Protein chains: 2
Amino acid sequence: MSKHEKIGPEVESSLINADAQVESFRQTRNNRRTELVEDYVELIADLIEDGGEARQVDIAQRLGVAQPTVAKMLKRLISEGYIQQRRYRGIFLTEAGQKLAELCRERHHIVESFLCSIGVSPETARIDAEGMEHHASAETLEAFKAFLARATPPRRVAGQA
Amino acid sequence: MSKHEKIGPEVESSLINADAQVESFRQTRNNRRTELVEDYVELIADLIEDGGEARQVDIAQRLGVAQPTVAKMLKRLISEGYIQQRRYRGIFLTEAGQKLAELCRERHHIVESFLCSIGVSPETARIDAEGMEHHASAETLEAFKAFLARATPPRRVAGQA
DNA sequence: ATTGAAAAATAGCCTTGGCTATACTATCTC
DNA sequence: GAGATAGTATAGCCAAGGCTATTTTTCAAT
Ligand SMILES: [Mn+2]
Ligand SMILES: [Mn+2]
Ligand SMILES: [Mn+2]
Ligand SMILES: [Mn+2]
């Protein structure tokens, strides 16, 4: 605390441990630095799978941003090794890019399905998942998956034990 | 799609409706623009409640950022009407600030409790909630609350019906 | 009252992620 | 093959959110 230290009887505080809190904020800031990259790579993978190629105009249209914004971001993706680009040609995912895309798609799907499974409407789940996915740790994803497995029990053939 | 339109047999696509997707991305970008404000206001409320005052050094220490970063952010909070500041003195929440803080605290608590309730460890729930909270819509929060009410049933006095 | 230390303010820098306007290239069509 | 046009690149602007280094102010202790 600052110079003006507070002492006195230990009362129930709305403040949690400072080191724990700073860790949360740091982790969250960290996630924020990668969420755009993740969304781009995931979207590029989808576009390629769907149409055989990913073009800047399509990416821009899907994201709702201007084309030069995409062009700039693609340079970041190149410098980070996720895509390759041939001038005036399309975008291709590197090995690392494909791996990241796969992770993101899976994670995105888990989060969105989970939201639906607890009663959130598909439209809202779609929107919320787009933001929440980037802050779901491996442990939380496991919990989501476990819940989904419980909520959607594996169907048995008629006449189960 | 771009000039090179894809036609052909309708195959199961990994792409969702474009308008829906752009709406998700837009909403997510929007949430991102306010999450920092929300974290600051929530933290300031906690500091005031706990120690009677919120000082820049304490905010900086809790967030894990430098003091000038906080000073700059406080100007944004002032310009947006959430706090008042007396030079070289502490920070005070305006009416709007208190209202926002209350909303954020409640939302934060719901998200964190919910994660715990589905089996996520308290430490991970703390971290993930710090980021996820800003992307949880009213509808999702309601679903979380409903789940919590089910999972943690209101305790009855001994001898319930 | 002085003064030293803590806190706040300010200056100046950087990166990221937006935008518009404009120039360039590839490709399709004639 | 020459244009038209769709798509891409580039230049230049802005705001947000980080940082360090330095100055200014307050406050507590002598
Ligand atoms: Mn996604
Ligand atoms: Mn996303
Ligand atoms: Mn919070
Ligand atoms: Mn937060």
Side-chain angles (χ1 to χ4, degrees), chain A residues 1-7 22 25-41 43-44 47 51-80 83-92 131 134, chain B residues 1-7 22 25-41 43-44 47 51 53-80 82-92 131 134:
Chain A
M1 198 107 207
S2 43
K3 182 159 52 174
H4 320 271
E5 195 67 43
K6 264 291 179 298
I7 23 180
V22 77
F25 283 128
R26 269 194 225 279
Q27 179 63 54
T28 298
R29 277 198 301 275
N30 237 42
N31 291 339
R32 274 175 203 152
R33 289 197 6 253
T34 53
E35 41 192 2
L36 252 192
V37 168
E38 294 170 347
D39 282 337
Y40 268 79
V41 169
L43 176 57
I44 289 168
L47 287 169
E53 59 183 5
R55 297 180 148 266
Q56 288 188 17
V57 276
D58 301 327
I59 298 171
Q61 189 240 323
R62 286 262 161 190
L63 290 173
V65 298
Q67 169 264 324
T69 300
V70 172
K72 199 188 284 189
M73 192 62 194
L74 293 182
K75 289 185 175 161
R76 180 176 166 196
L77 295 186
I78 292 168
S79 83
E80 296 189 9
I83 63 170
Q84 283 188 340
Q85 191 180 23
R86 294 191 319 219
R87 281 178 66 94
Y88 287 94
R89 285 297 183 19
I91 307 301
F92 308 90
H134 310 279
Chain B
M1 204 110 203
S2 45
K3 181 159 53 174
H4 321 270
E5 195 68 42
K6 264 293 177 299
I7 23 183
V22 77
F25 283 128
R26 267 193 226 282
Q27 179 63 56
T28 299
R29 278 198 301 275
N30 236 43
N31 290 340
R32 274 175 203 153
R33 289 198 6 254
T34 52
E35 42 191 0
L36 252 192
V37 168
E38 294 170 348
D39 282 337
Y40 268 80
V41 169
L43 176 57
I44 289 168
L47 287 168
E53 60 183 4
R55 298 179 147 264
Q56 288 189 18
V57 277
D58 300 328
I59 298 170
Q61 189 240 322
R62 285 260 161 192
L63 290 173
V65 298
Q67 169 264 325
T69 299
V70 173
K72 198 188 284 188
M73 192 61 194
L74 293 182
K75 289 183 176 161
R76 179 176 167 197
L77 296 186
I78 292 168
S79 82
E80 296 188 9
Y82 293 121
I83 64 170
Q84 284 188 339
Q85 191 180 23
R86 294 189 321 218
R87 281 177 66 92
Y88 287 95
R89 287 299 185 12
I91 308 299
F92 308 92
H134 310 280

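Please read these numbers as outputs of a predicted model, since none were measured by experiment. Per chain, numbering begins at 1; letters A, B, ... match sequence-line order.
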Verify the contact: side-chain N or O of A/T69 to OP1 or OP2 of C/dG17, cut-off strictly under 4.0 Å; return yes or no. no
A/L63 CG to C/dG17 P: how many Å, rounded? 12 Å
Here's a test of your reading of the structure: between A/P68 and B/P68, which maps to the more 5' nucleotide of DNA chain C? B/P68
note: B/L77, atom CG; D/dA15, atom P; distance rounded to Å ~ 18 Å
Pair A/Q27-A/N31, side-chain donor/acceptor within less than 3.5 Å: yes
Out of curiosity, A/T69 OG1 to A/L63 CG, how far, rounded to the nearest 0.5 Å? 9.5 Å
Is there a side-chain polar atom (N or O) of A/R89 under 4.0 Å from OP1 or OP2 of C/dT27? yes
Note: B/I44 and B/A54 closest approach over all heavy atoms is CG2-CB, 3.9 Å
Nearest whole angstrom, please: distance from the C1' of C/dA8 to the CD1 of B/I78. 12 Å
B/I91 has an atom CD1; how far is it from atom C1' of C/dA7, in whole Å? 12 Å
In Å and rounded to the nearest 0.5 Å, what is the CZ to CG distance from A/F25 to B/L43? 5.5 Å
Could you state the atom-to-atom distance from CZ of B/F92 to P of C/dA8 in whole Å? 11 Å
Distance check: side-chain N/O of A/K72 vs OP1/OP2 of D/dA9, anything under 4.0 Å? no
With rounding to the nearest 0.5 Å, note down the distance linking CG in B/L36 to CE in B/M73. 5.0 Å
Look at the side chain of A/Q56 against the base of D/dA9 and say whether a donor-acceptor pair falls under 3.5 Å; ignore hydrogens and angles. no
Nearest-nucleotide 5' precedence on DNA chain C, A/Y40 against A/Y88: A/Y40
Verify the contact: side-chain N or O of B/R87 to OP1 or OP2 of C/dT10, cut-off strictly under 4.0 Å; return yes or no. yes
Once you apply a heavy-atom cut-off of 4.0 Å, does B/Q85 come out as touching a base, just sugar-phosphate, or nothing? sugar-phosphate
note: A/Q67, atom CD; D/dA9, atom C1'; distance rounded to Å ~ 7 Å
Which whole-number value in Å describes the distance from B/R62 CZ to C/dA7 P? 15 Å
Whole-Å distance between C/dA7 C1' and B/D58 CG? 10 Å
